[in-house]
Amino acid sequence: MKEQDTAVLEVSNFSVELMTDNGIFKAVNNVSFRIGHGETVTIIGESGSGKSTTAMGLLQLLPQGLAALSGQVKIKGEDVLANPKAITKFRGRGLALIPQDPMTALNPVATIGSQLREAIKVAGRITGKQQMQSKAVELLEQVRIPRVEEQLKKFPHQLSGGMLQRVLIAIALASEPELLVADEPTSALDVTVQAGILDLLLELQQTRGISVLMITHDIGVARLVSDTIHVMKSGKFIESGPAAQIVDAPAEEYTRALLSAVPRLGEWDETSMVAKGAS
């Protein structure tokens with residue numbers, strides 16, 4: 001997780017205005033940040049703060065006609081807002097998304113294998129059924145899914161949430177991404193499975209040198225994986241800095257409130273527990 005001089009993603013004065021029944025709502029308000037090679041940048045905030053809207057806006061995955069984007073978004077030096085068609089050169093071909101909910105992100109009537117092979121086909125680096133099948137096997141092995149050949153034949157409802165999240169990571173890796181956008185990749189999973197997924201993402205980043213934009217409401221996750229953290233509230237960054245600084249010495253009351261919301265184990269009171277047991 002080390003930043004290099006050349007940015008994979010540079011965002012300047014980026015805004016998203018949403019058209020609603022009650023008028024225009026500015027969901028993202030002039031945010032700026034950059035992500036270097038091999039770096040993880042995290043946007044953290046409570047639900048409704050604008051963090052996921054920021055990610056979906058950068059990828060131009062918000063509904064057309066209902067979202068107006070402005071500012072500058074450079075991917076590997078090319079401004080994809082100035083030339084909206086340019087985003088198609090990157091999505092699925094060096095730019096990949098791990099969506100938020102593994103239980104609903106996959107097509108329920110298509111097998112895991114067919115969806116993985118489709119992602120490999122879109123990436124455009126491999127052709128031929130046998131080669132795509134071999135690549136699909138390789139990708140599932142990389143995300144540590146057991147009995148790969150068996151899993152490729154299954155449908156999404158036949159796998160657990162943790163297994164589905166690993167499948168989504170494999171699909172993202174099919175594009176051999178330089179930039180991975182992870183939108184709350186552990187929020188729908190229990191704590192034990194979360195740890196395994198985060199460990200996998202860190203391992204893949206270290207071995208592949210992938211840059212990551214992490215979206216999360218969990219400051220514990222942010223502290224673990226991030227080089228830089230941007231704290232978002234009401235569509236704006238209210239505090240930014242190195243991960244250790246934001247977590248250990250936050251300047252804003254809102255950030256301190258996020259930190260205080262993280263559950264902590266209290267002191268063990270053996271006397272009290274014995275008394276309760278006796279009663």
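Here the structure is a predicted model, which means the values were calculated and not measured. Residues: numbered from 1 along the sequence shown.
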Could you walk me through whether R208 and E203 pass side chain to side chain contact (heavy atoms under 4.5 Å, CB included), step by step?
CA-CA 8 Å; R208 290 176 171 234; E203 178 186 318; over 6 Å; no
Could you walk me through whether I87 and I75 satisfy the side chain to side chain contact (heavy atoms under 4.5 Å, CB included) test, starting with their C-alpha distance in whole Å, then the side-chain angles of each, then the deciding distance to 0.1 Å, before giving a yes or no?
CA-CA 9 Å; I87 193 67; I75 300 175; 3.8 Å; yes
Side chain to side chain contact (heavy atoms under 4.5 Å, CB included) between I145 and E141: does it pass, once the steps are laid out?
CA-CA 6 Å; I145 287 183; E141 288 176 344; over 6 Å; no
Could you walk me through whether I120 and L139 pass the side chain to side chain contact (heavy atoms under 4.5 Å, CB included) check?
CA-CA 10 Å; I120 295 167; L139 287 168; 4.0 Å; yes
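Atom CG of L58 and atom CG of L9 lie 6.0 Å apart (nearest 0.5 Å). Going from atom CD1 of I24 over to atom CD of E17 covers 5.5 Å, rounded to the nearest 0.5 Å. The line from CD of Q158 to CG of L164 is 10.5 Å long, rounded to the nearest 0.5 Å. The line from CG of N29 to NZ of K233 is 14.0 Å long, rounded to the nearest 0.5 Å. For the atom pair T228 OG1 and I43 CD1, the distance stands at 11.5 Å (nearest 0.5 Å). Atom CG of L140 is separated from atom CD1 of I169 by 11.5 Å, given to the nearest 0.5 angstrom.
Enclosure of atom NZ in K26 by more than 12 non-hydrogen atoms of other residues, nucleotides or ligands within 6.0 angstrom is indicated. A 6.0 Å sphere centred on NZ of K76 holds no more than 12 heavy atoms belonging to other residues, nucleotides or ligands. A 6.0 Å sphere centred on CG of L66 holds more than 12 heavy atoms belonging to other residues, nucleotides or ligands. Heavy-atom neighbours of K135 NZ from other residues, nucleotides or ligands within 6.0 Å: above the threshold of 12. Other residues, nucleotides and ligands contribute only 12 or fewer heavy atoms inside 6.0 Å of the CD atom of Q64.
Side-chain contact check for K154 versus E150: some heavy-atom pair is nearer than 4.5 Å. S32 has its side chain within reach of N13: a pair of non-hydrogen atoms, C-beta onward, lies under 4.5 Å apart. Looking at L259 and P250, their side chains come closer than 4.5 Å, going by heavy atoms from C-beta outward. Using a 4.5 Å cut-off on side-chain heavy atoms (C-beta onward), V16 and L62 make contact. For the pair Q60/P84, a side-chain contact is recorded, criterion being any heavy-atom separation below 4.5 Å from C-beta on. In this structure the side chain of Q100 never reaches within 4.5 angstrom of the side chain of M56, judged on heavy atoms. Looking only at side-chain heavy atoms (C-beta outward), V231 and I219 stay at 4.5 Å or farther from each other. M232 is not listed as a side-chain neighbour of I238, based on a closest heavy-atom distance of 4.5 Å or more.
The backbone N or O of E10 sits nowhere less than 3.5 Å from a side-chain atom of Q72 that would complete a donor-acceptor pair. In this structure, E239 contributes its side chain and A251 its backbone to a donor-acceptor pair below 3.5 Å. Formation of a donor-acceptor pair under 3.5 Å by the S160 side chain with backbone atoms of M163 is found in this model. Side chain of R91 to main chain of L59: a donor-acceptor pair is present (N/O by atom type, distance under 3.5 Å, no hydrogens or angles). Not one N or O on the side chain of T42 forms a donor-acceptor pair closer than 3.5 Å with the backbone of I44. In this structure, the side chain of S211 engages the main chain of G36 through a donor-acceptor pair within 3.5 Å. The main-chain N or O of L204 is found under 3.5 Å from a side-chain atom of T207 such that the two form a donor-acceptor pair. E178 places no side-chain N or O within 3.5 Å of a backbone atom of G94 that could act as its donor or acceptor partner.
In this structure, F155 is not a member of the same hydrophobic cluster as M103, with clusters built from ILVMFWY side-chain heavy atoms closer than 4.5 Å. A continuous path of ILVMFWY side-chain contacts below 4.5 Å connects F25 to V31, so both sit in one hydrophobic cluster.
Checked for salt-bridge contact, R256 and E252 miss the test: no charged N lies under 4.0 Å from a carboxylate O. Here R144 pairs with D199 in a salt bridge; the nearest charged N to carboxylate O distance falls below 4.0 Å. Remark: E46 does not engage K51 in a salt bridge, criterion side-chain N to carboxylate O under 4.0 Å.
In this structure, a donor-acceptor pair under 3.5 Å is absent between the side chains of Q151 and R166. For the residue pair E184 and S52, no side-chain donor N or O sits within less than 3.5 Å of a side-chain acceptor on the partner. Side-chain atoms of S15 and N30 form a donor-acceptor pair, as typed in the model, at a separation below 3.5 Å.
Partners of E149 under the salt bridge (Lys or Arg N to Asp or Glu O under 4.0 Å) rule, at least two apart in sequence or in another chain, do not exist in this structure.
Results of the side chain to side chain contact (heavy atoms under 4.5 Å, CB included) test with I98 over I215, L180, I171, L173 single out L180 as the only residue that passes.
When all heavy atoms are compared, the tightest approach of A82 to D79 is N-OD1, 3.3 Å. Nearest heavy-atom pair across A136 and L152 is CB-CD2, 4.2 Å. Minimum heavy-atom separation, L168 to P102: CD1-CA, 3.6 Å. For the pair R223 and I229, the tightest heavy-atom approach, listed with the atom from each and the gap, is N-CD1, 4.4 Å. Between A123 and S175 the shortest heavy-atom distance is CB-CA, 3.8 Å. Nearest heavy atoms, L61 versus L97: CD1-CD2, 3.9 Å.
Taking the six-membered ring for Trp and thresholds of 30 and 60 degrees, F237 and F33 have ring planes inclined between 30 and 60 degrees apart.
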Considering only distance and modelled atom types, tabulate donor-acceptor pairs under 3.5 Å from the side chains of residues 104-116, sequence neighbours left out.
{"residue": "N107", "atom": "OD1", "partner": "V109", "partner atom": "N", "Å": "3.0"}
{"residue": "T111", "atom": "OG1", "partner": "S114", "partner atom": "N", "Å": "3.1"}
{"residue": "T111", "atom": "OG1", "partner": "S114", "partner atom": "OG", "Å": "3.2"}
{"residue": "S114", "atom": "OG", "partner": "T111", "partner atom": "N", "Å": "3.2"}
{"residue": "S114", "atom": "OG", "partner": "T111", "partner atom": "O", "Å": "2.9"}
{"residue": "Q115", "atom": "OE1", "partner": "N107", "partner atom": "N", "Å": "2.9"}
{"residue": "Q115", "atom": "NE2", "partner": "N107", "partner atom": "O", "Å": "2.9"}
{"residue": "Q115", "atom": "NE2", "partner": "A110", "partner atom": "O", "Å": "2.9"}

